[in-house]
Amino acid sequence: MRGTRGTVLRVGIVDTHRTILVGMAAMINAREGFHVVAAGRTVAELMMVSRRMDIVLLDAKSSLGAPVEADVSSLIAIGARVLLLVDETIPGGRVRALPAGVSGAVRRSDDGSHLATRIRAAVHRASASASVPDSARDVELSAREAEVLGLYASGETAETVAGLLFITRETVLDHIRRIRTKYAAAGRPAVTKVDLFRRAIEDGIVHAGA
């Protein structure tokens, strides 16, 4: 499965500024588990280099006049997830303004560590939504609850999870409370964060050693 621990994520970058393309590619390639396989000023230019990408960082203004939704649709059609490149973080209250199919947004000013974290989170969310393990269904976790559990149980704070998923910290805590209630009802209590980590490993939501 793409994006699992130990595999290399194939990344594409689309931005109208060559300096940003070069700088981001260098930062991402410097992180273990990532490889920028294509970069271009437009999606069409990107696809001339490669059509096999796990995720694409897409300049929200890359279309050069064409609707960004068209670029997103083209990337999704080849199986790539999409993160928008923006100048500032999009507030959680504006999440609905993101084009359909977009996994989130990252700032151009983010360093390599933040980019890597957000890319992995986007891949994790897509994997969780596509296939919730049978054991997780036994406790009736929704796809959103599974992705919150995966991030939180892996060691992220509620604030970080909220930022990665473009929701509020209070919403993250509500999800965690519901997750704990569901596990308790299934006879698999998860009172502490360590317990949540163990349940996430048991259900295949988090890989051992994550």
Side-chain angles (χ1 to χ4, degrees), residues 1-92 94-131 143 147 150-151 160 163-167:
M1 179 173 64
R2 293 182 308 177
T4 56
R5 192 175 182 84
T7 64
V8 175
L9 293 177
R10 301 183 300 267
V11 181
I13 309 173
V14 177
D15 198 287
T16 53
H17 299 91
R18 291 290 184 187
T19 53
I20 291 177
L21 288 176
V22 173
M24 280 198 165
M27 283 194 298
I28 293 170
N29 281 332
R31 311 296 300 188
E32 183 178 358
F34 298 87
H35 178 52
V36 176
V37 296
R41 296 178 64 246
T42 66
V43 168
E45 185 176 317
L46 180 83
M47 290 187 179
M48 290 178 65
V49 180
S50 177
R51 296 175 66 89
R52 296 184 66 249
M53 294 166 283
D54 298 308
I55 192 162
V56 174
L57 306 183
L58 174 66
D59 178 4
K61 302 182 293 295
S62 67
S63 318
L64 299 179
V68 69
E69 289 81 3
D71 281 343
V72 172
S73 296
S74 296
L75 293 169
I76 290 175
I78 62 171
R81 295 117 188 180
V82 181
L83 285 176
L84 286 186
L85 282 171
V86 297
D87 292 324
E88 296 294 337
T89 300
I90 297 175
R94 292 180 54 198
V95 65
R96 292 182 181 178
L98 291 173
V102 170
S103 298
V106 293
R107 294 178 299 179
R108 287 186 177 83
S109 59
D110 283 346
D111 60 23
S113 176
H114 283 100
L115 285 174
T117 297
R118 290 178 180 271
I119 289 170
R120 285 200 184 281
V123 172
H124 177 90
R125 292 199 302 275
S127 298
S129 297
S131 179
E147 59 190 359
L151 290 168
T160 300
L164 292 170
L165 300 182
F166 291 91
I167 56 181

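The basis for the numbers below is simple: all heavy atoms, side chains too, and nothing from hydrogens, waters or symmetry mates.
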Discussion item. I'd like to know whether V102 forms a side-chain contact (heavy atoms from CB on, under 4.5 Å) with V68, so could you lay out the CA-CA distance, the side-chain angles of the two residues, the decisive distance to 0.1 Å, and finally the verdict.
Written reply: CA-CA 11 Å; V102 170; V68 69; over 6 Å; no
First locate atom [atom1] of [X], then atom [atom2] of [Y], and finally report the distance between them rounded to the nearest 0.5 Å.
X	Y	atom1	atom2	answer
T42	D71	OG1	CG	7.5 Å
D59	M24	CG	CE	9.5 Å
L85	L115	CG	CG	8.0 Å
N29	M27	CG	CE	11.0 Å

Which heavy-atom pair separates [X] from [Y] by the least distance, and what is that distance?
X	Y	result
I119	F34	CG2-CE2, 3.6 Å
L21	A39	CD2-CB, 4.2 Å
V82	I55	N-CG1, 4.4 Å

Under 3.5 Å donor-acceptor pairs involving side-chain atoms of residues 43-53, not counting sequence neighbours:
residue : atom : partner : partner atom : Å
E45     : OE2  : R18     : NH1          : 3.4
E45     : OE2  : R18     : NH2          : 3.1
E45     : OE2  : R41     : N            : 3.4
S50     : OG   : R52     : N            : 3.1

Worksheet item: Are side-chain heavy atoms of L75 and V14 found at a separation under 4.5 Å?
Response: no
